[in-house]
Asks: 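Please find one structure pasted underneath; my questions will follow.
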2 protein chains.
Amino acid sequence: MTVVPEQPDQSDPSLRLLWRHRTGSSEEPKTKRGPKQKVSVDEIVDAAIDLADAEGLAAVTMRAIAQRFGLGAMTLYSYVPNRDALLVLMADQVVGRTVLPELPEDPRERLELVARLQHDELRAHPWLLEVQDVRPWLGPNMSDRYEWQLQAVDGLGLSDLEMDQTVAVLMGFAGNIARSELLKRRAEKVTGMTEAEWWAANYDTLSEVMAGSHYPLANRVGTAAGETYQAATDPGRELDYGLARIIDGVLAHVTERAPD
Amino acid sequence: MTVVPEQPDQSDPSLRLLWRHRTGSSEEPKTKRGPKQKVSVDEIVDAAIDLADAEGLAAVTMRAIAQRFGLGAMTLYSYVPNRDALLVLMADQVVGRTVLPELPEDPRERLELVARLQHDELRAHPWLLEVQDVRPWLGPNMSDRYEWQLQAVDGLGLSDLEMDQTVAVLMGFAGNIARSELLKRRAEKVTGMTEAEWWAANYDTLSEVMAGSHYPLANRVGTAAGETYQAATDPGRELDYGLARIIDGVLAHVTERAPD
DNA sequence: AAAAATTTCGTACACCGTACGGAACAAATG
DNA sequence: CATTTGTTCCGTACGGTGTACGAAATTTTT
């Protein structure tokens, strides 16, 4: 008689946690034994999101979160397997807060909307950029978002693979813009000077040290870019140029292939 | 009589360190007092790069580096102000190792080369993705690189600002591809399974948990994408589609504006 | 020969995630 | 009812991090 070898459950434990609100079937309202839990997973995740929004991801420590509820740090581990899992829960939960608007008819507007929504979200919650999961978009809200993004590129004439890649390019671009904005803000906070002030303070050193090299293009272009970015009162303007080029390229690709 | 208020030297101390090999004028071969330094800054930075290449950026600890030279951890602080400064030195130094090839005539080839070079470099040194500096590209090798990149987009008919933005889009895209490759490799190392194995191990849980929701597009597209990526033996193939679209968009932009 | 400047580096601190084990608690079982 | 059993709560402790501080050693300047 052969015994089935014990499968040590390779499945990721945090999957069920991610989908805890949408267990399609076989929920488990089983009354559990020990003391009643004083808080809920959602409350913990929300508190962690608050912390991250207010003080950055580095401030999201197990001790800090626990303190918000008057709990001991180790208590959190009866709600969440570890910190990394908590970060993934935070990401999915915060993504779920954004309501997905209906997609416009015009293809260009559709793609723009997808990218701008992502960018706005990352601006509101910059710590999302630092949460990189093993195995992405597997939570319920991430899945909803991905499906919605695919709807935006559906019917354009792209292959399945191209649909995925197009979404990836747009998301990546939005993320890069958000990241550069984040770094700029962070630099100002760390150094305590605005970008212009920093350049002024380091001008002498820079010109002394770069005396041997010369950068004609970098000087000209860097100056132009610096002035523009400094004057950029309207955030999100950095998005415009690159986004337009990317969408141009995608739309040109599909119309060229099927010159209707 | 008015006294000039003491300016506590706002300038960034690591700037001189970055440019230590190219001090245009006024070098200081002054013989210094104390004990002779047992190693050089370059050796330290090279050792740190070795460590990062071999075991990732997290393995680059002050203690680990010092141990390579039989030094105490604190000794490093007489070479480098702190760990973050060391990371910037590493980045600039490793960027300096790549020789910049001559730029082709064809605009499309120029842009492709710029992006692919960046991608290859990030593939070889993935930890570069995790080094985010306050105030980017200020080292000598970063500056050379930026100047070279600008040459690639020069003469296309772009404005100064657009030149900067175009380079940024291409670099960002190359970085995103490299990042997704890195995450994939890291996930396989952490979970000890390939991507396909992971999906197999979690298939039951996933379909149970997603029973209530349905993702027609995500299922179809995700499957297609998954199969392709899994079969992708040739790394860098993920680069092709997005890069082509971006370059399409940029070139369309300039030819449209100046229909020669 | 004495003084001054510089490098080396042992120790210590604050902070992190979390392994471990015990105590308090509530339901299931006898 | 008493007892067992599974949970939750959480204090303590461990190994890890960057680095502040101060003493000791070493070399040049005076």
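Bear in mind the structure is a predicted one, so any value in this text is a computation, not a measurement. Labels below follow one simple rule: chain letters A, B, ... track the order of the sequence lines, proteins then strands, and each chain is numbered from 1.
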Asks: To the nearest Å, how far apart are Lys38(A) NZ and dA24(C) P?
Replies: 13 Å
Asks: I want to check something: taking the side chain as every heavy atom from C-beta on, are Thr75(B) and Phe69(B) in contact at a cut-off of under 4.5 Å?
Replies: no
Asks: Let me know the distance between CD of Gln37(B) and P of dA5(C), rounded to the nearest Å.
Replies: 18 Å
Asks: Between dG10(C), dG17(C), dA28(C), which nucleotide gets closest to the side-chain atoms of Arg33(A)?
Replies: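 So the nucleotide nearest the side chain must be dA28(C).
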Asks: Taking atom C1' of dC9(C) as reference, at what distance in whole Å does atom CZ of Phe69(B) sit?
Replies: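 Atom CZ in Phe69(B) sits about 16 Å away from atom C1' in dC9(C).
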Asks: When all nucleic acid strands are considered with a 4.0 Å heavy-atom cut-off, which category describes Gly72(B): base, sugar-phosphate, or nothing?
Replies: sugar-phosphate
Asks: When the distance from NZ of Lys32(A) to C1' of dA26(C) is rounded to whole Å, what number comes out?
Replies: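 So the two atoms are 13 Å apart, to the nearest Å.
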Asks: Does Val39(B) reach a base, just sugar-phosphate, or nothing at all? Heavy atoms under 4.0 Å.
Replies: nothing
Asks: Relative to the 5' end of DNA chain C, which residue comes earlier, Arg63(B) or Gly34(B), by the nucleotide with the nearest heavy atom?
Replies: Gly34(B)
Asks: Without decimals, in angstroms, what is the distance between Tyr77(B) OH and dT11(C) P?
Replies: 18 Å
Asks: Measure the spacing between CG of Leu86(A) and CZ of Arg83(A) and express it to the nearest 0.5 Å.
Replies: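 One finds 8.0 Å between CG of Leu86(A) and CZ of Arg83(A).
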Asks: Identify whether the distance between the nearest side-chain nitrogen and carboxylate oxygen of Arg186(B) and Glu130(B) falls below 4.0 Å.
Replies: yes
Asks: Give Val80(B) one of three labels, base, sugar-phosphate or nothing, depending on what nucleic acid heavy atoms sit under 4.0 Å from its own.
Replies: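 No contact.
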Asks: Hey, which sits more toward the 5' end of DNA chain D by its nearest nucleotide, Met74(A) or Arg83(B)?
Replies: Met74(A)
Asks: Name the nucleic acid region contacted by Thr75(B), choosing base, sugar-phosphate or nothing; use a 4.0 angstrom heavy-atom cut-off, strictly under.
Replies: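 Base, at least one base heavy atom under 4.0 Å.
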Asks: Expressed as a whole number of angstroms, how long is the span from Leu76(B):CG to dG10(C):C1'?
Replies: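 Checked: the CG to C1' distance equals 15 Å.
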Asks: Taking any atom closer than 4.0 angstrom to a non-hydrogen atom of chain B, what span of DNA chain D does the protein reach, first nucleotide to last?
Replies: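 First and last nucleotides in contact are dT17(D) to dT29(D).
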Asks: Measure CG/Leu71(A) against P/dA23(C) and give the value in whole Å, please.
Replies: 21 Å
Asks: I'd like to check Val95(B) versus His125(B) (side-chain heavy atoms, cut-off strictly below 4.5 Å). Are they in contact?
Replies: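 The answer is no, as the side chains (C-beta and beyond) never meet within the 4.5 Å cut-off.
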Asks: Check this for me, if you would: do Arg97(B) and Glu121(B) make a salt bridge, where the nitrogen-to-carboxylate-oxygen distance has to be below 4.0 angstrom?
Replies: no
Asks: By nearest heavy atom, map Ala58(B) and Tyr79(A) onto DNA chain D; which one lands nearer the 5' end?
Replies: Tyr79(A)
Asks: Check for a donor-acceptor pair, side chain of Ser40(B) on one end and backbone N or O of Glu43(B) on the other, with a separation under 3.5 Å.
Replies: yes
Asks: I want to check something: taking the side chain as every heavy atom from C-beta on, are Leu100(B) and Glu147(B) in contact at a cut-off of under 4.5 Å?
Replies: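 Answer no - side chains too far apart.
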